2 protein chains.
Amino acid sequence: MKPSIHDVAKIAGVSSTTVSRVLNNRGYISEKTKDKVYKAMEEINYFPNDLARSLFRKRTNLIGLIIPNSSNPFFGELAFYIESICTSMGYKLLLCNSLNRIDKEEKYLEMLIRNQVDGVIAVTYNRGILNYHQQNLPIVAIDHYLSEKVPVVGSDNFAGGKKAAELLIKKDCQHIVHINGPIELETPANLRRKAYEDVMREHGRQPITYEVPFHENYRNIISKLFDEQPAVDGIFASDDIIAAGVITEAKKRGKDIPGQLKVIGYDGTETIQAILPELTTIQQPIELISKTAIEILEKQIEGEFDNLPLETYLPIQLFESGTT
Amino acid sequence: MKPSIHDVAKIAGVSSTTVSRVLNNRGYISEKTKDKVYKAMEEINYFPNDLARSLFRKRTNLIGLIIPNSSNPFFGELAFYIESICTSMGYKLLLCNSLNRIDKEEKYLEMLIRNQVDGVIAVTYNRGILNYHQQNLPIVAIDHYLSEKVPVVGSDNFAGGKKAAELLIKKDCQHIVHINGPIELETPANLRRKAYEDVMREHGRQPITYEVPFHENYRNIISKLFDEQPAVDGIFASDDIIAAGVITEAKKRGKDIPGQLKVIGYDGTETIQAILPELTTIQQPIELISKTAIEILEKQIEGEFDNLPLETYLPIQLFESGTT
DNA sequence: CTGAAAGCGCTTACAG
DNA sequence: CTGAAAGCGCTTACAG
């Protein structure tokens, strides 16, 4: 049986109220009593039960994080920073991998609510979260619109898309194609596409965007792109994994990079930097995104629901390397 | 105020005991009463408080996962599978990134204990976990020895190292070098090194192993290796990130792969397959490792501490590709 | 400076 | 088939 506060009290010869007080450093307690209590705790290896504490305080210091898949380096890194920052602030993180499936997102959300999390950080397509939000559950979204009231934090996707498209134009690419996720999803990431298309038109070019349908293999789309666009000499992929796929396919087809084809990705995770440092990409400030999201979440946890910054777009950075 | 079981009871016109019974589907309850209760729950949007439940049951269904860093694709994937499997079994996952720092590992462990986790899965160097284990905390380690009593699960590192070394020999490499993590850490992963050295000696070769000191940048070691071993024509790296670093350095030095230098890594994550599919590597069965670890953990949670498989090594697979 | 009592939101014998 | 009571391990007014 795990020792409880009563066991400590008995050994120290005081009441459990007193033990609780030294535990929480609250009210006046004589040094002598404190000592006795600490010794007793040590003696029986006592650790307070946070469950009981949370139950009383109505505050768990638990944060739920819903991401599609921590296998993906971007989300893996996001999870790392969010968890690290949470820990430094006294929060604990419940991890949820939704695989972008709405049914899973909903189940996870219910689980988080049952576990009385103080707040949720979601990288999610689930607009149903709205219903839960009405219950005053603090929530912040990363790179996804959930509702008019849920704050979104992300990278400056428009600036990123613009920088990517402009680089390819500057590098004298004549036939620039963009690969993006499905646009029916209303994510700020669509701005990457919009920026590309705007830049193209500004330069009198015809934008060509290939979409990767939800849950379809992006490799097929890449292959299709090469088949249909033999003249392609510049590709802006909306994430680095796809960009890597483009490079692989180009090699297979004997296209020289950057000679015949220039490629630029998006995300710029540490993993991509380590594995494929030659990839030119737009780096998201993942740590800053994490920090900002947590700050906005904390405001809500502290009861501040008005004056929240509803949309925060953090600066991206061009990492120029070998593929351009 | 969140509704409690009492609010439901009041609306349904029954006692909270009855509400609890329909919640848990326990004992006999008339259909009529059940209906009333369900309707009441729906009406006020009631979700049971798992904290209170866990407090009573002395069972949280919480599992703590301590990994060095979810940014690393191997750990990101491990976290994904462990979380997914946990969820499918009704467990919830508390994520902890220790950065391999013992002080952090200890703090996390205490946090997990305070939160009454049912068990811990650790990818950790912390032998201090031992002390906590005495408290009957169910625990299983992945690829790290914690104590004689803590079950370890991992890939068959010896077979993997052997296969890697033998492939390079078969491919006619004359000067094969191995890069590994620091050996002072007693991890089963040292078997990768041992297997390489055994195979080399069997073939009358001199094993040469470069170690990456703890917390040092592996790139420096790679660079040093190339400087000191100009004749090197085969490298077995103990993980794919290092292997990718070798490829990058080789390119920089104008060494043709696989013509002048053959490279093989270890891990074979989905991420590496997506980003660097040309890398030959030894694939760990990450999903199987996750599943096995959870099964062994669950046995402990169910009270079975004897007859646990103390060391489980799951089969690896050679993924042969362009770098050999 | 310290303790007895009530309560956080549940569940489970026990009784009827 | 249903309810009153006790208790899980804490904390916090309240009282002294």
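All values below come from the heavy atoms of this structure, side chains included, with hydrogens, waters and symmetry mates left out. Below, read A as the first sequence line, B as the second, and so on, with proteins coming before strands; counting in each chain starts at 1. Remember, predicted model here, so these are calculated numbers, not experimental data.
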Can you measure Lys2(A) atom NZ to dC8(D) atom C1' for me and round it to whole angstrom units?
13 Å
Would you mind telling me which of Thr60(A), Leu23(A), Asn61(A) makes a side chain to side chain contact (heavy atoms under 4.5 Å, CB included) with Arg53(A)?
Leu23(A)
Looking at dC1(D), I'd like to know if its phosphate oxygens (OP1 or OP2) sit under 4.0 Å from a side-chain N or O belonging to Ser30(B).
no
Using a cut-off of 4.0 Å on non-hydrogen atoms, how would the nucleic acid contact of Thr33(B) be classed: base, sugar-phosphate, or nothing?
sugar-phosphate
What verdict does the salt bridge (Lys or Arg N to Asp or Glu O under 4.0 Å) test give for Lys149(B) and Glu311(B), after you've listed the backbone C-alpha separation in whole Å, the side-chain angles of each residue and the deciding distance to 0.1 Å?
CA-CA 10 Å; Lys149(B) 285 184 174 171; Glu311(B) 303 194 12; over 6 Å; no
How long is the line joining CG of Asn115(A) and P of dC8(C), in whole Å?
20 Å
Show, in sequence, the C-alpha distance, side-chain angles and deciding distance for Tyr46(A) and Ile5(A), and conclude whether the side chain to side chain contact (heavy atoms under 4.5 Å, CB included) test is met.
CA-CA 8 Å; Tyr46(A) 170 76; Ile5(A) 203 171; 4.0 Å; yes
How would DNA chain D look in dot-bracket form, 5' to 3', counting Watson-Crick and G-U wobble pairs with both distances under 3.5 Å and writing | for bases paired to another strand?
|||.||||||||.|||
Quick one: label Ile29(B) by what it contacts on the DNA or RNA (base, sugar-phosphate, nothing), any heavy atom closer than 4.0 Å.
sugar-phosphate
Can you name the one residue among Asp143(A), Thr269(A), Leu78(A) that meets side chain to side chain contact (heavy atoms under 4.5 Å, CB included) with Gln284(A)?
Asp143(A)
Distance, rounded to the nearest Å, where Lys58(B) contributes NZ and dG9(D) contributes C1'
8 Å
Between Glu110(B) and Arg114(B) (salt bridge meaning N to carboxylate O under 4.0 Å), is one present in this structure?
yes
Whether each nucleotide of nucleotides 10-16 of chain C has a protein heavy atom under 4.0 Å at its base (B), only at its sugar-phosphate (S) or at neither (-) is summarised, 5' to 3', as SBBB---
Evaluate the side chain to side chain contact (heavy atoms under 4.5 Å, CB included) criterion for residues Ile301(B) and Tyr91(B): first the C-alpha distance (whole Å), next the side-chain angles of each, then the deciding distance (0.1 Å), finally the verdict.
CA-CA 12 Å; Ile301(B) 294 175; Tyr91(B) 288 107; 3.7 Å; yes
Name the one of Ile113(B), Leu112(B), Leu65(B) that satisfies side chain to side chain contact (heavy atoms under 4.5 Å, CB included) with Val120(B)?
Leu112(B)
So, is Thr18(A) close to the dT2(C) phosphate, meaning a side-chain N or O under 4.0 Å from OP1 or OP2?
no
Counting only heavy atoms from other residues, nucleotides and ligands, does the tally under 6.0 Å from CG of Asn307(B) exceed 12?
no
Measure CZ/Arg114(A) against C1'/dG9(C) and give the value in whole Å, please.
14 Å
Please determine if Glu302(A) and Arg59(A) form a salt bridge, counting it only when a charged side-chain N lies under 4.0 Å from a carboxylate O.
yes
